[in-house]
Amino acid sequence: MNVNQHSSHPDHDPFGLSSFARGLYIGGAWRPAAGEGRIQVIDPSTEAVIAAVPDATAADAAAAVEAAATAAEGWRETPPRKRSEILRRCFELMVERSEALARLISLENGKALRDARGEVAYAAEFFRWNAEEAVRISGEFGIAPAGGNRIVVDYQPIGICVLITPWNFPAAMATRKIAPALAAGCTVILKPASETPLTAYALAALYQEAGVPPGVVNVMTTSTPGPVTAAMLADPRVRKLSFTGSTGVGRTLLAEAAKNVISCSMELGGNAPFIVFDDADIDAAIEGLMVAKMRNAGEACTAANRIYVQSGIHDVFVEKFAQRMAALRVGPGVDLDTECGPMITRKAVEKIERLVADAISRGARALCGGRTISGRGFFYPPTVLVDVSPASDMGCEEIFGPVAPLYRFQSEAEVIAAANDTEYGLAAYIYTRDIGRGMRVASKVEAGMIALNRGLVSDPAAPFGGVKQSGLGREGGQHHGIAEFMEAKYIAASF
């Protein structure tokens, strides 16, 4: 497979990368890290260093908490309408700068520009949605069942929030946390992934322009996330941890947060089943699978990783799907004709290689792809595997890449059991013309989110989150997202 690779980013610096040498964003100001360290940012398409950002220490973490604490009372007391207007301005600025933000994401993450554009639009929507919700936070008032006394419930900001986001959606995972936290009246400290920090800093400047007061949002990058995060969680003023990332890291953070009984929201790993019944519209199912599998080149926690096709249509489905996958254009994310960009790191490619080799050693066949693309950049081709053994490593591990393993099934009961045979429970996909069957299977599949005859499950207006080892709490939705950043205060009143 040919890959359209470029050798370096343009000399005229169209993304303003030089501006990211300014420093950490703490207390509304750009400041150097306490140490001398820098973190290099690598273009996954070329392996070239495109920027270097400050490497924060525990001392910087303490400064960020202090800045958030200093701003907390003022932001908490800011009228909801004013908070709403600021969030709305953040949305407007993201829309105005959408193309520049998309190109920056493509450059540092490697994802295809079309995916990056979709991410920016999705990320901006969290500001618009929460701008509208900020003025609708209400309490409760009632009479105690015994009569006489009144029950008053007031919802208040939970306090300072530590937000930790992954590299695969550097804009959307940040705004999905920041927007509801600010709408609720909280101040935050964002620690973005060190692989993709440029988007977070670009957005920090945007928040400042939109009128977010100093200290309400603080952003810092670090190569030692364990000690830096522990330092923040040890401060009694920090009352919330919101994390998106792997289940393994999530478990570690939960243990750290437990030391000070800090409220936690966890959006962790997934291993989504994609179920296609004999009565499904085959073409529609393939279109949905291309989205569910290949959005962000498969580097998504909601990606379809275990594809179950009923025996009656299995062979036809596989043939058509393999043709679609083989035709995808692989190349640098910033190139307009790219449909599948590189993986984030060489280590990510090596994991995919291991999973594919294990599956083939157990009898699987590659109908397309299956071998690493040579040359510079962290590329792996779109790959379709059939005759995959359920005992293969990829059956129980997140692939996080453009590899689609297909499994044949016979009955509804069989596929439900297979879909639930995992520690994860984030998302699942079901295709069938029988809506009764679809709803029945959806009720039995153990996942926090089900897409029925759809290849895309995420929506800012819907609660996002999983069950089992896929996490705790929800993000987004009519009230779910803001509720994660608020405490219910009960007042027993007599008058």
Side-chain angles (χ1 to χ4, degrees), residues 19-20 22-33 54 56 60-97 101 123-137 155-165 171 174-192 197 199-221 232 235-242 481-482 484-487:
S19 66
F20 296 107
R22 290 180 294 179
L24 309 172
Y25 185 69
I26 297 176
W30 301 94
R31 50 175 283 175
D60 298 306
V65 173
E66 184 62 35
T70 300
E73 183 176 357
W75 185 246
R76 176 191 179 111
E77 299 302 322
T78 298
R81 176 60 67 193
K82 179 63 175 177
R83 294 203 298 262
S84 172
E85 290 169 350
I86 291 173
L87 292 176
R88 176 72 189 196
R89 185 57 181 153
C90 288
F91 162 75
E92 292 168 350
L93 288 175
M94 286 194 71
V95 172
E96 289 174 14
R97 318 266 171 83
L101 287 169
E125 278 298 321
F126 285 105
F127 280 117
R128 175 156 66 172
W129 178 264
N130 285 284
E132 295 163 348
E133 290 297 302
V135 295
R136 296 186 174 93
I137 299 170
Y155 291 93
Q156 300 181 339
I158 196 170
I160 298 173
C161 307
V162 172
L163 314 176
I164 303 177
T165 54
T175 62
R176 194 162 72 184
K177 299 178 189 298
I178 292 172
L182 268 56
C186 299
T187 57
V188 306
I189 303 153
L190 174 69
K191 191 210 76 61
T199 302
Y201 282 126
L203 289 174
L206 183 147
Y207 307 149
Q208 187 178 49
E209 183 179 346
V212 175
V216 172
V217 177
N218 305 277
V219 182
M220 62 179 192
T221 44
M232 290 188 285
D235 192 309
R237 295 173 294 182
V238 172
R239 300 309 310 145
K240 180 73 183 184
L241 169 64
S242 181
I482 290 182
E484 294 287 335
F485 295 98
M486 305 199 79
E487 295 271 31

> Should the pair Arg88-Glu92 be classified as a salt bridge under the 4.0 Å nitrogen-to-oxygen rule?
Replying inline: yes
> Looking at Ala71 and Pro214, what are the two nearest heavy atoms and their distance?
Replying inline: CB-O, 3.4 Å
> Between Ser84 (side chain) and Ala131 (backbone), is there a donor-acceptor pair under 3.5 Å?
Replying inline: yes
> Nearest heavy-atom pair of Ala179 and Leu87: which atoms, and what distance?
Replying inline: O-CD1, 3.9 Å
> Should Leu203 and Leu101 count as side-chain neighbours, where that means a heavy-atom distance under 4.5 Å?
Replying inline: yes
> Does the Arg237 side chain pair with the main chain of Ile160, one donor and one acceptor, at a distance under 3.5 Å?
Replying inline: no
> Checking Asn218 side chain against Leu190 main chain: does a donor-acceptor pair fall under 3.5 Å?
Replying inline: no
> Any Lys/Arg nitrogen of Lys240 or Glu484 sitting under 4.0 Å from an Asp/Glu carboxylate oxygen of the other?
Replying inline: yes
> Tyr207 pairs by ring pair (Phe, Tyr, Trp, His ring centres under 6.0 Å) with which of Phe127, Tyr201, Tyr25?
Replying inline: Phe127
>> Between Arg89 and Glu96 (salt bridge meaning N to carboxylate O under 4.0 Å), is one present in this structure?
In response: yes
> Can you tell me if CD on Glu73 sees more than 12 non-hydrogen neighbours from other groups inside 6.0 Å?
Replying inline: no
>> So which atom in Ala123 and which in Ala171 form the shortest heavy-atom distance, rounded to 0.1 Å?
In response: CB-C, 3.8 Å
> Does Arg31 reach the main-chain N or O of Leu24 with its side chain, forming a donor-acceptor pair under 3.5 Å?
Replying inline: no
> Hey, does the side chain of Asp235 reach the backbone of Met232 with a donor-acceptor pair shorter than 3.5 angstrom?
Replying inline: no
> Distance-only, no hydrogens or angles: does the Arg128 side chain make a donor-acceptor pair with backbone N or O of Ala124 under 3.5 Å?
Replying inline: no
> Hey, what do you get for CD1 (Ile26) to CD (Glu66), rounding to the nearest 0.5 Å?
Replying inline: 11.5 Å
>> Using every non-hydrogen atom in the two residues, find where Ser242 and Lys177 come nearest and quote the distance to one decimal.
In response: OG-NZ, 2.9 Å
>> If you apply the rule side-chain contact (heavy atoms from CB on, under 4.5 Å), what do you find for Thr175 with Met94, and how did you get there?
In response: CA-CA 11 Å; Thr175 62; Met94 286 194 71; 4.2 Å; yes
> Quick one: are Val219 and Pro192 in side-chain contact, heavy atoms under 4.5 Å?
Replying inline: yes
>> How long is the straight-line distance from CG of Asn130 back to CD of Glu125, given to the nearest 0.5 Å?
In response: 10.5 Å
> If only atom types and distance count, is the side chain of Thr221 paired as donor or acceptor with the main-chain N or O of Pro54 below 3.5 Å?
Replying inline: yes
> Which pair of heavy atoms, one from Gly211 and one from Ile86, lies closest together, and at what distance?
Replying inline: O-CD1, 3.4 Å
